[in-house]
Structure formats: structure tokens, C-alpha cells
Engineer: 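One structure coming up, written as C-alpha cells, with questions to follow.
Protein chains get the first letters and strands the later ones, always in sequence-line order, with residue 1 at the start of each.
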Protein chains: 2
Amino acid sequence: MKFTLKQLSYFVAAGEAGSILKAAEKIHVSQPSISNAITHLEDIFELQLFIRHHAQGMSLTTAGNQIMAQSKRLLQDASELKSFAGKLSDQIFGSINIGCFTPLAPIVTPELCHGFMQSFPGVDVNVSEDNQAELLSSLKKGSIDLALTYDLQLDSDISFTPLVELKPYALLAEDHPLSNKKAVKLMELAEEKFILLDLPLSDAYFMSLFSLDNVKPIIHARTKHIDVQRGLVANGYGYSLANVRPLNKRSLDGSGLSYVPLLGEYPSLTLGIAVLEKIRKTMAVDSFNTYCIEQISSNHIPGMATL
Amino acid sequence: MKFTLKQLSYFVAAGEAGSILKAAEKIHVSQPSISNAITHLEDIFELQLFIRHHAQGMSLTTAGNQIMAQSKRLLQDASELKSFAGKLSDQIFGSINIGCFTPLAPIVTPELCHGFMQSFPGVDVNVSEDNQAELLSSLKKGSIDLALTYDLQLDSDISFTPLVELKPYALLAEDHPLSNKKAVKLMELAEEKFILLDLPLSDAYFMSLFSLDNVKPIIHARTKHIDVQRGLVANGYGYSLANVRPLNKRSLDGSGLSYVPLLGEYPSLTLGIAVLEKIRKTMAVDSFNTYCIEQISSNHIPGMATL
DNA sequence: GCCTCTGAATTAAATTTATTAATGCAATTG
DNA sequence: CAATTGCATTAATAAATTTAATTCAGAGGC
């Protein structure tokens, strides 16, 4: 046996009016409706809520007063839930979950998310980093609202908004003989040792670049971590290829790096926004989406160096 | 357009089960009921709460997660309201409002209410003092649950439980010639000045005592305050009659008083508990009622001296 | 003290709302 | 490419809510 919010609201109206009839007029329902609601509440609470005065309305008992205070609070909370939902749908407000492809995350998310939260203090942005497969799965599961990633292996139910193309470049040690050239051909590096960034999608992508020029790289090391990749290159263990361009041109141990464009036409990786097609976005997610479009362009990418 | 607690609970069940079908089995309702409830909530909130996965249930969106957290809280609060009401009806718990006839209040209520609240820490006792007419009106209005007063001018819808009879006695100054007598006749005081406690009921009562003996008192002063009455008597302005017997036999200015029984048969005032007949008492009120019966007897009255 | 009035409770009919069983439908699985 | 899964839809039914009309008990006026 339970009660409804409607019954509570009828009870509260009667309690405030001190009369069922007056309450009925005020809230535009019939007198027996309120009478029923009160009787029902008295039954399930096993309490006398009102003292009925013949021909002069009714007044709350002490128990009724206590229940009424709680009822008002509950009704208030219910109406706040409604307005919370309303705000979620039409105001830039609430929590949003953003996913970012791991190698991109340390470059773009700090500035991007911080800037967004500065502009929209009502929004709480949660960022998670993951590989492409997991990002897509998270989008479909709803555990992230939006992903910043490349347009690789996207399913049909994911919609992708391209933002910028990231051309591949050669990652060389600062003191490498070719490090000051305007551009470099893959062929020129063919005899040197190659450090492969061995992540689910990037490995295949980088190898495809070599194939285009019929170059067989000498894979000297594989790593899943871009900091290891940069550290190895900076310390002269070999060269590598990359698309993301951290502003800081030193590896974690302080050794210098150089970014040299590739001479020739190579496929870029397109950085953009992936969202689930069928989803209806909250205002906050939508705002983050447009914020990304505004902030990320070929002129400027948060946290990223120009070539 | 509003939602119901039932709809919220269906939504929460579905959110927790990750599937309408599983939720339906768990809470024993049909699948379309839950489906409807969710659709309704999505409509009125203007939010997408779930992502539907074909043939593999559904998962909450970020918005759905936020709404679900709030919904759970609201349902929790609703169930707490229910249990609060339950406790009010069957446990010694909550607030109670006690009324007390003004002259009695300073004598009996401090010890009585303090003792009760010690024994039942879950109960919050509020005491108010008033004259008989107001006490009865408060009982009928429900603003007090129970009144400690005399059995005077009670209406038919008030039920009165007598506790003790308070015999009238002569209030004399400590150094009054008759102050050490075992008992005194009203006749013996007839020539002295009389101080009348001039309260709605007590004035008529005291005058009726004189009528019984065909004595015409010399009314020297009238007061509505028992402290003034005691002060006047203690300082030798005259004698008075009273029923309540404060333990402290000094007036507020420190002068001594003496209580001397009346010789003869005079009507007593009966101190007891007045409650509204038709009311269903909460457990807390009922306990206070029995506590009064236990504590107030002819052997002992809290705060009151023996004659 | 009689009559009228007020306002809650009750009753019965109408309406709305919730529930169910059956079915449809889209995507997944083997 | 059937078979299955699981949500949405539909239509029939059951339940709850609402209302209009009425009853009833006490209050208040004369």
C-alpha cells in the first residue's frame, strides 16, 4: 500500500486551506477527490491527520502537522527533480562524459576542458582516455556522450564531425642530421632504425605510409606509450612517425626533439568529434560539441605545435 | 504534465536492471508498463534517458544517470515519509503539544515534561500555558494534543481523566497568628482582608467556597498572577485561598508563606488530563498520557507540596 | 428550540489511467 | 538466413480517479 504525489498535494492543499472545500476551489478539483486522498493517507499512515469540525472545515492534528511538513518537502523535491530535468534539457548544465583517444588526450583535453568549464561553470566535464574500440563501445553504451578521436573504423551509427587534418611527420632527435630540413622523404630514413607506436590503429596506419613508398622500415622498437616513443627518439635510438604534435619538443627526460614534415602526399588522420547518431544530446553536450568546433581548427589546436 | 512515484520507480528498476524485461520480472509488472513509464518520463523531461540496444537491453545516457540518481533519492525520501508516518503511529516518537492551565504550569510541567523527555528521547514535548477556554479551544483546533487542567467547564466532546483532587487551603503569611494551626475555618478569617486570584474560573470557585459558609470576604486586592497573590499574602496584606501548592513556601521577594488546610468539607478541584474525545492519539501522546497517570497521584504530584 | 446553512462523507456513474496479452519489428546470433 | 532477443505498439480489460448528486451532523441565526 503506497501513496502518490497527487494525494500528498491534495492533503497539503487541504492542510493549508483548513478546509477541503476551499482547497478544492483553489486547486480546481472536486471536494470528494481531496476527501478521498486524505482518507487514503490516513489509512496507509495509520494516523489521524485532521480534526473535522462540523460546518467549519478541519484543522491539522499534531501528527498531521508533522506529516504535512514532510509532505511539502517531498513535493518540493519532486518539483526540483522536474526542474533539474528541464535544466538538463534546455540549459548548459549538469555532468557530461567526454572520451578522448589516448594519444590525443594529454595534448588537447587539458586546455579544451578547462576552457569549457571556465566558460560554463554549471557543467562538470569528466574526461576518460581510451583506444578507438573502447571509445566507440562507450559511446554506444552511453558511458561517454562524445569522443574526440580520429575518423578510423567508425561504425554506421556513429556520426563524425571532422575538425582538422593531422599530417604525419617525422619525429627526429634534435641533433639528427635531417632535423633542420624543411621536409624529409621516407626513403631518406629507410636505413635508420624505426620506433613504432604500437597502438591498435596507429600501427597499421604508420606501416601503410611506408608501403606507399615501398619502403621497408627497420623496426627497432615498439611501444604503446608516446612518451617512450619520444624518449627513444630523442636519445638517438632511431626515428619515428607521428601525427599529434605536442607543444613541448623535449622528451620526458629533457632531450630535444624535432618535427620534420614528410615530403610527398600521405594520408592524414582526421581529428574530429564522434557521437552516437541516434542520441538526443543534452544542452551541455551540445555546447561542448560546438565549443570543440570553435576551438579546434587548422589555425589552432589546443596544446598542439604547428609543423 | 507531471510524473508519478510509480513511474520513477519503474524507471529506476529499468536503469538498474539495464533492461526493461529484466526489470519487469524483478518488480512483477508487465514489460509495456515499464516501457510506458520511461517514455512518459522522457517526454515530460524532454530528455533521452536510455540508449536502446536492439536485442540487448538498454543503457542509461549521461542525462539518464543524473536523473536516476535524483529519482532514487526522491523515492528514498518518499519511503522515509511512509516510515516516518509509521513511527508516528506505532512508536513513541515525534513532536507532541501539551497545554497546561496557567496556574498549574510552573508547578507541574517542568518536572513532568523533563522526566518524560528523559525517558523517551525520541519525543519532542512542546508546552503552552493558557486559560481553560483557550485550552479547550486549542484541543478542538488540534493545536494541542492533551491538556493538564481542572475538570471545569468541559464540553461533551472532551474526555477527562481525573488524576488527583486538590483541596483548597488558606494561604497565610508565615508570621500570621493562624499559620501554625492544623486547620482553619473560613469564618476565622472573615474579618481579615482577602486577596482574590482573579482568573476566569478560579474567581467563581473561590467565591463559592465563602458562600458555603455564608461568609462575605473583604476583597482587598485582585490579581491574575499567583506570584502577586503570594507576594501580597507573604507581606501581610491579607490572606488568600489556593489549590496548587508550590514546593517553595516563599514568595518571589523571599517572604515566607504558610499553607493551612480548611476545616470543613469544601469542593476540591480535580486535576486531570483533558483530550479531545474523537481523536486518534499517536503513540507519543498516548505515552505522555500514561506517563502523567503514573507520575501524578494523591501520593505525589510533581513540584507540589503536601498540605 | 426550530430552521437554515455549512462543509465533510458517501454513493454511483463517467472518465481517465494503468495493466496486460498479443503482436510487430529491428538488430543480433549462430 | 532462420531463430532469438528485447523494446515498442496495439487493443482489450481492469483499476483508480474524478465528478455530480446526495446525505448527514453540527453550527448559527432568529
Engineer: Find the distance B/K2:NZ to C/dT17:C1' and express it as a whole number of Å.
Structural biologist: 17 Å
Engineer: C/dT6 C1' sits how many Å from A/H54 NE2, rounded?
Structural biologist: 11 Å
Engineer: Could you tell me how far apart A/M58 (CE) and C/dT6 (P) are, to the nearest whole angstrom?
Structural biologist: 18 Å
Engineer: For a quick test of reading the model: is some side-chain N or O of A/R52 closer than 4.0 Å to OP1 or OP2 of C/dG7?
Structural biologist: no
Engineer: Do side-chain atoms of A/E46 reach the backbone of B/S89 as a donor and acceptor pair under 3.5 angstrom?
Structural biologist: no
Engineer: With the threshold set at 4.0 Å, does a side-chain nitrogen-carboxylate oxygen contact exist between B/E80 and B/R73?
Structural biologist: no
Engineer: Rounded to whole angstrom units, what separation is found between the CD atom of B/Q7 and the C1' atom of C/dT17?
Structural biologist: 10 Å
Engineer: Nearest nucleotide by nearest heavy atom, which residue falls closer to the 5' end of DNA chain D, B/D157 or A/T4?
Structural biologist: A/T4
Engineer: Is any side-chain heavy atom of A/T61 closer than 4.5 Å to a side-chain heavy atom of B/T282?
Structural biologist: no
Engineer: Please report, rounded to the nearest Å, how far the P atom of D/dG6 is from the CZ atom of B/F50.
Structural biologist: 15 Å
Engineer: Of the nucleotides C/dT28, D/dT18, C/dT19, which one has an atom closest to the side chain of A/Y10?
Structural biologist: D/dT18
Engineer: Tell me: NZ of A/K278 to P of D/dA8, nearest whole Å?
Structural biologist: 11 Å
Engineer: Using atom CG of A/L5 as one end and atom P of D/dT17 as the other, report the distance to the nearest whole Å.
Structural biologist: 12 Å
Engineer: Can A/K22 and A/E16 be counted as an ion pair, charged N to O under 4.0 angstrom?
Structural biologist: no
Engineer: Can you see which heavy atom on B/K72 is nearest to which on B/V12, and at what distance?
Structural biologist: CG-CG1, 3.9 Å
Engineer: Please confirm whether the shortest side-chain N or O distance from A/Q56 to OP1 or OP2 of C/dC5 is below 4.0 Å.
Structural biologist: no
Engineer: Does any part of the side chain of A/L112, heavy atoms only, come nearer than 4.5 Å to the side chain of A/I296, both counted from C-beta?
Structural biologist: yes
Engineer: Nearest nucleotide by nearest heavy atom, which residue falls closer to the 5' end of DNA chain D, B/G57 or A/H53?
Structural biologist: B/G57
Engineer: For B/K6 and C/dT19, is the shortest distance between a side-chain N/O and OP1 or OP2 below 4.0 Å?
Structural biologist: yes
Engineer: Taking DNA chain D as the partner, which of residues 20-40 of chain B come within under 4.0 angstrom of it by heavy atom?
Structural biologist: B/I20, B/L21, B/Q31, B/P32, B/S35
Engineer: Rounded to the Å, how far apart are A/I51 CD1 and C/dG7 P?
Structural biologist: 18 Å
Engineer: Identify the heavy atoms of B/L75 and B/S9 that sit nearest to each other, and give their distance.
Structural biologist: CD1-CA, 3.6 Å
